[in-house]
Amino acid sequence: MTPLELEQKWQKYWKENNIAAFDETDLEHKYYLLQMFIYPSAARMHMGHYFNYGLADSYARFKKMCGANLFQPMGFDSFGLPSENYALKTNTHPQANTAENIKNIEAQYNSMGALYDWNYKLTTSEPDYYKWTQWVFLELFKAGLAYQKEAAVNFCPKCHTVLANEQVVDGACERCESAVEQKYMKQWFFKTTAYAEQLLNGLDTIDWPENTKLLQRNWIGKSQGSAIWFKCGNETIEVFTTRADTLFGVSYIVLAPEHGLVPKITIPAQKSAVNDYIKQAGLKKEIERSSATEEKTGVFTGAYAVHPLTQKEVPVWIADYCIASYGTGAVMGVPAHDERDYKFAQKYKLPVNRVVVVNKPNEDLPTTEYGKLVNSRDFDGLTSDEAKLAITTELAKTGAGELKTTYRLRDWSVSRQRYWGCPIPVIHCPHCGVVPVPEEQLPVKLPMDVDFKPDGTPPLAKSADFVNCICPKCNKPAKREVETLDTFVCSSWYFLRYPSVGRNDVPFDKEITKRMLPVDICIGGREHACMHLIFARFMTMALYDLGYLNFKEPFKRLVHQGMILGPDGQKMSKRFGNVVNPDDYTSKYGSDAIRFALAFGFNFTMGGPWSDTLIAVAQRFFDKITKLCGKYGSVIASPTSEANKRSNPSASSHTPSPTAPPLYLKGEFSVVYGKLEKDLEFTLNDSIKRARDDIEVFSFNTALARYMELINAIGKYEKEAKEINYKLVRQCVTSLVLGVAPFAPHHAEEWWSMLGNITSIFKASYPGADYSKLVQDTVNIAIQVNSKIIVTIDVPTNAAEEEVFALAEATDKIKAAISGRTIVKKIYVKGRIVNLIVK
RNA sequence: GCGGAUGUGGCGAAAUUGGCAGACGCGCCAGACUUAGGAUCUGGUGGGCAACCGUGGGGGUUCAAGUCCCUCCAUCCGCACCA
């Protein structure tokens, strides 16, 4: 039997016996394992997908064997830009490509042997799903959490099309290389900022990697500071600062080029210079603009603002290092105590006024640390912390400032001027304004016969059938919204849908949701740490507040997989020609070999470069177990025992592999039990215990190393024992097969049947350790003299500290090492080490 | 620039969280069995003849540092319209 035949045999068996099925009647043991669903833009999965999905499935199988009622669904995140671009390039339709890709990927999942319950499959580009994405949008809209505002987009003046950031290469359109412009358009937003504080606080309640939490905390970017108002003619400029203590050091004010006040305050003589600058700033990326090393540029508006405490006038500039979307889009320039302000002031010859002394009065500027105030009138001598509060309090008296908290987090822009996405379910009526599409009219179907070439008109606007409609409020002619939703909207709630897939009356059944969610564990890439995982949390919190959910956090536990690189250590990419296709291996070696290779070869959370030699490692490992099963599978206690009956092939639903004739033992098994048996038993239970613990924390490579140790121990025992304790070895082999089953599922079924079993191994329990076998009489510890290891000795496991010191000091090598000097300090770490400090 | 990570033998990687660095595996060396071996099995394998030296570099804390602190270097990932 080739590996492929073996795997197909068991895949068929699993399908026929519904091994992947979730048991809806047993919710007490439900375990909802969510693998972030796949984006089917590429036609096939690569090795990285296999790593992620295959090993997540191994973890799922482990949980199942530990007694969980596994709910492991899979779906397809099928709307999006790459599909649309691919269709444009190949002159096809995204609908057809998507269907084709899904078919292929589903086949790959099955050949991988993943235990997905396909009864719960969902596809975001299907009307039965996006109907409810539209429902979610409308719920947010009705709650005031979805709104429209003017916002900038990348616009290609030649293609007349909005571009994604990805389509902008060095400030130019990737297609025609024209310089990209900023264009302001009315767009839909979700009010994620309303949940900033909750998104921050919720992190303390969930079992997520600490660095992912940190990423989210920084992304949300809470900062407590002060709002300060500077009068500027008839206008008022609000600045936000976390350094109110440096207020007396202000020598100018900077507005973001996009700031609303710029046209109002700019004096006529500066108008053309300011407008030119705004145009240029629009071409730069935010990352470049906020860089501290980048040369600072700006233009004087000609206007002056009044310092609220000194009443002196300071010039108002615009500069692109000030970002409109953060804080108030205006900052106070304090060159003495801010790197960027300092560079800016030097370039434009603006005054630098020291107001904080950190160490010594004449230290080099700028200094950005906290210190004591100088040149700040009554506030001199206060610490920065004291001064922040004191100065803001002083400002508040005259209404010129207040304490304020801002967040870096922005509202989520969900409008896309594209075709392959979920239509936004609103109607623009000349009389009634923006009108939501009534729920009974959902879904607003995405028309299939639309020309979606980028030519300046949004694709949906080109379909008269789609655009023209009747206003649900006044029954007069109206027009539909022609923009589609960001695909992140589709993926922000899919985990709610899975348990209710198939329901046409609700997006998710309230009762089912209550019992099935939150998700017990979510497995997916780190690249989603900030965006997708924030959006999913936001959506959950919003739907909680709307009364649809009884939990605020969607994912109780989160694990990220690492990235599998090409054999050259670089990220797999067609460009480098280092893409490894798992299909090439599946046909020759079977998917178990790949799965095992990935599990054993890498730390799951880190990944690393793929190497073909791992396949050989897997094959060798499988061969060893197959041999052991052949040798001990037919060991039967006696012809009448229970085990013998169960091995009867006629009672089997599948044909067991041919094995050697049963080796009958007289009466009971051999009762040989000496030190060798005790050692083997220790290794058996030690391997099981540590492997179980390792798998639970996704340390698959070390778990499998434990089972290799067990195989080595069996080999050693066979070599050394005069008489084999078959019962014990068979127990080892059985545990071994069960233990590695999640990582070689097809082979494990085969081995399981060789051991005489007639039901699936995945209905059996994962082995547990017998802790009583883990107690050893002695423990080996290292003895140090002056922190240098001299010798290791065995001491009784429970020896008292004094006893251990006595044993250590009695050792010849230690005596020699001390020789004449006296012990001044003794340290004993139980079961680990003794350190004798001598002088 | 901001934010997050990583750096350990020839290679993939471990290290009970401050306690015997290199588990397990690949590769390599030697041996066994073989007509044969790129199969299998057994043993060895961080470096150095040795004293000793070894976890990116430098400093520090400690009886004890891969692990904690400071600093520097290198590489990778994310940065809001790719998902």
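Quick caveat, the model's predicted, so the values are computed rather than measured. Throughout, a chain's letter reflects where its sequence line sits, starting with A, and its residues are numbered from 1. When reading the values below, keep in mind they use all heavy atoms of this one structure, side chains included, and skip hydrogens, waters and symmetry mates.
Here A/Leu214 lies in heavy-atom contact (under 4.0 Å) with sugar-phosphate atoms only. Across all strands shown, A/Val617 has heavy atoms under 4.0 Å from sugar-phosphate atoms exclusively, and none from any base. Residue contacts for A/Arg418: at a heavy-atom cut-off of 4.0 Å it reaches a base atom on one of the strands shown. Counting any heavy atom pair closer than 4.0 Å across all strands shown, A/Phe488 reaches a base atom. Backbone-only engagement by A/Lys624 is indicated by non-hydrogen atom pairs under 4.0 Å involving sugar-phosphate atoms exclusively. When heavy atoms are screened at a 4.0 angstrom cut-off, A/Gly607 is found touching the sugar-phosphate backbone but no base atom. Nucleic acid contact for A/Asp623: none, since no nucleic acid atom lies under 4.0 Å from a heavy atom of the residue. Within the 4.0 angstrom heavy-atom criterion, base atoms lie near A/Gln187. Within the nucleic acid shown, A/Ile534 has no heavy atom closer than 4.0 Å to any nucleic acid atom. Nucleic acid contact for A/Asn786: none, since no nucleic acid atom lies under 4.0 Å from a heavy atom of the residue. Contacts of A/Phe621 with the nucleic acid, taken as non-hydrogen atoms under 4.0 Å apart, are absent. Nucleic acid contact class of A/Arg408 (heavy atoms, under 4.0 Å, all strands): base. Within 4.0 Å (heavy atoms only), A/Trp219 reaches at least one base atom of the nucleic acid. Nucleic acid contact class of A/Asp77 (heavy atoms, under 4.0 Å, all strands): sugar-phosphate only.
Evaluation of the side-chain contact (heavy atoms from CB on, under 4.5 Å) rule for A/Asp794 yields A/Thr778, A/Asn780 as partners, not counting sequence neighbours. Residues forming a ring-ring contact (aromatic ring centres under 6.0 Å, His included) with A/Tyr53 (at least two apart in sequence, or on another chain): A/Tyr109. With sequence neighbours excluded, the residues forming a ring-ring contact (aromatic ring centres under 6.0 Å, His included) with A/Phe700 are A/Phe604, A/Phe698, A/Phe743, listed by chain and number.
The interatomic distance linking A/Arg526 (CZ) with B/rA5 (P) rounds to 10 Å, in whole Å. Rounded to whole Å, atom P of B/rC81 lies 18 Å from atom NZ of A/Lys183. Rounded to whole Å, the distance from CD1 on A/Ile814 to P on B/rC63 is 20 Å. The nearest whole Å value for the distance from the CD1 atom in A/Ile615 to the C1' atom in B/rG38 is 17 Å. Between A/Met531 atom CE and B/rG3 atom C1' there is a gap of 15 Å when expressed in whole angstrom units. For A/Tyr321 and B/rC2, the OH to C1' distance is 16 Å, given to the nearest whole Å. The CG-C1' distance, from A/Asn211 to B/rC76, rounds to 14 Å in whole Å. Look at CG on A/Asn85: it is 12 Å from C1' on B/rC81, rounded to the nearest Å.
Considering only side-chain atoms of A/His528, the nucleotide from B/rA23, B/rC63, B/rA83 that sits closest is B/rA83. Counting only heavy atoms from C-beta on, A/Thr613 has its side chain closest to B/rC26 among B/rA23, B/rC26, B/rC82. With distances taken from any side-chain atom of A/Thr702 to the nucleotides B/rC81, B/rA83, B/rA14, the minimum falls on B/rA14. The side chain of A/Tyr39 has B/rA83 as its nearest neighbour among B/rA83, B/rC81, B/rC24. The side chain of A/Asp486 approaches B/rA83 more closely than any other nucleotide in the set B/rG19, B/rG27, B/rA83. Side-chain proximity of A/Lys719 to B/rU42, B/rC20, B/rC24: nearest is B/rU42. Relative to the side chain of A/Ile827, the nucleotides B/rG19, B/rA80, B/rG12 differ in distance, and B/rG19 lies closest. Residue A/Asn780 has its side chain nearest to B/rC20 when only B/rC20, B/rC81, B/rA64 are considered. Comparing atom distances between the A/Glu709 side chain and each of B/rA80, B/rC20, B/rA23 picks out B/rA23 as nearest. The side chain of A/Leu215 lies closest to B/rG4 when the candidates are B/rA83, B/rG4, B/rA64.
Between A/Arg416 and the phosphate of B/rC81, there is a side-chain N or O to OP1/OP2 separation shorter than 4.0 Å. Distances shorter than 4.0 Å separate none of the side-chain N or O atoms of A/Asn701 from OP1 or OP2 on B/rC24. Side-chain nitrogen and oxygen atoms of A/Thr487 include at least one within less than 4.0 Å of the OP1 or OP2 phosphate oxygen of B/rA83. A close approach under 4.0 Å does not occur between any side-chain nitrogen or oxygen of A/Asn712 and OP1 or OP2 of B/rA23.
Between the side chain of A/Asn218 and the base of B/rC2, no donor-acceptor pair under 3.5 Å is found.
With both ends at atom C1', the span from B/rG44 to B/rC52 equals 23 Å, rounded to whole Å. To the nearest whole angstrom, the two C1' atoms, one in B/rA13 and one in B/rG66, are 14 Å apart.
A salt bridge does not link A/Asp623 with A/Lys627: none of the charged nitrogens is closer than 4.0 Å to a carboxylate oxygen. Salt bridge A/Arg690/A/Asp686: present, at least one basic N to carboxylate O contact under 4.0 Å. In this structure, A/Lys191 does not pair ionically with A/Asp411, as no charged nitrogen and carboxylate oxygen lie closer than 4.0 Å.
For A/Trp188 and A/Glu481, the side-chain atoms include at least one donor-acceptor pair closer than 3.5 Å.
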Expected output check: what is the dot-bracket annotation of RNA chain B, where ( ) and [ ] are pairs inside the strand (brackets for crossing ones), | is paired with another strand, and pairs are Watson-Crick or G-U under 3.5 Å? (((((((..(((......[....)))((((((.......))))))((....))..(((((..]....))))))))))))....

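Within the 4.5 Å cutoff, the side chain of A/Pro567 has heavy atoms near those of the A/Val580 side chain.
Within the structure, the side chain to side chain donor-acceptor pair (under 3.5 Å) test picks out the following pairs touching residues 559-569 of chain A (sequence neighbours left out): A/Thr212-A/His560, A/Asp568-A/Asn578.
Regarding the sugar-base torsion, B/rU17 falls in the syn class, its angle being within 90° of 0. Using a 90° window around 0 for the glycosidic torsion, B/rG9 falls inside it and is classed as syn.
Aromatic ring centroids of A/Phe555 and A/Phe495 lie under 6.0 Å apart.
When each of A/Val162 and A/Ile837 is assigned the nucleotide of RNA chain B bearing its nearest heavy atom, the one mapping closer to the 5' terminus is A/Ile837. Nearest-nucleotide assignment on RNA chain B puts the 5′-proximal partner with A/Ser699, out of A/Ser699 and A/Phe79.
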For residues 705-713 of chain A, which side-chain donor-acceptor pairs fall under 3.5 Å, sequence neighbours excluded?
from, atom 1, to, atom 2, distance (Å)
A/Tyr707, OH, A/Tyr766, OH, 2.9
A/Asn712, ND2, A/Met708, O, 3.4

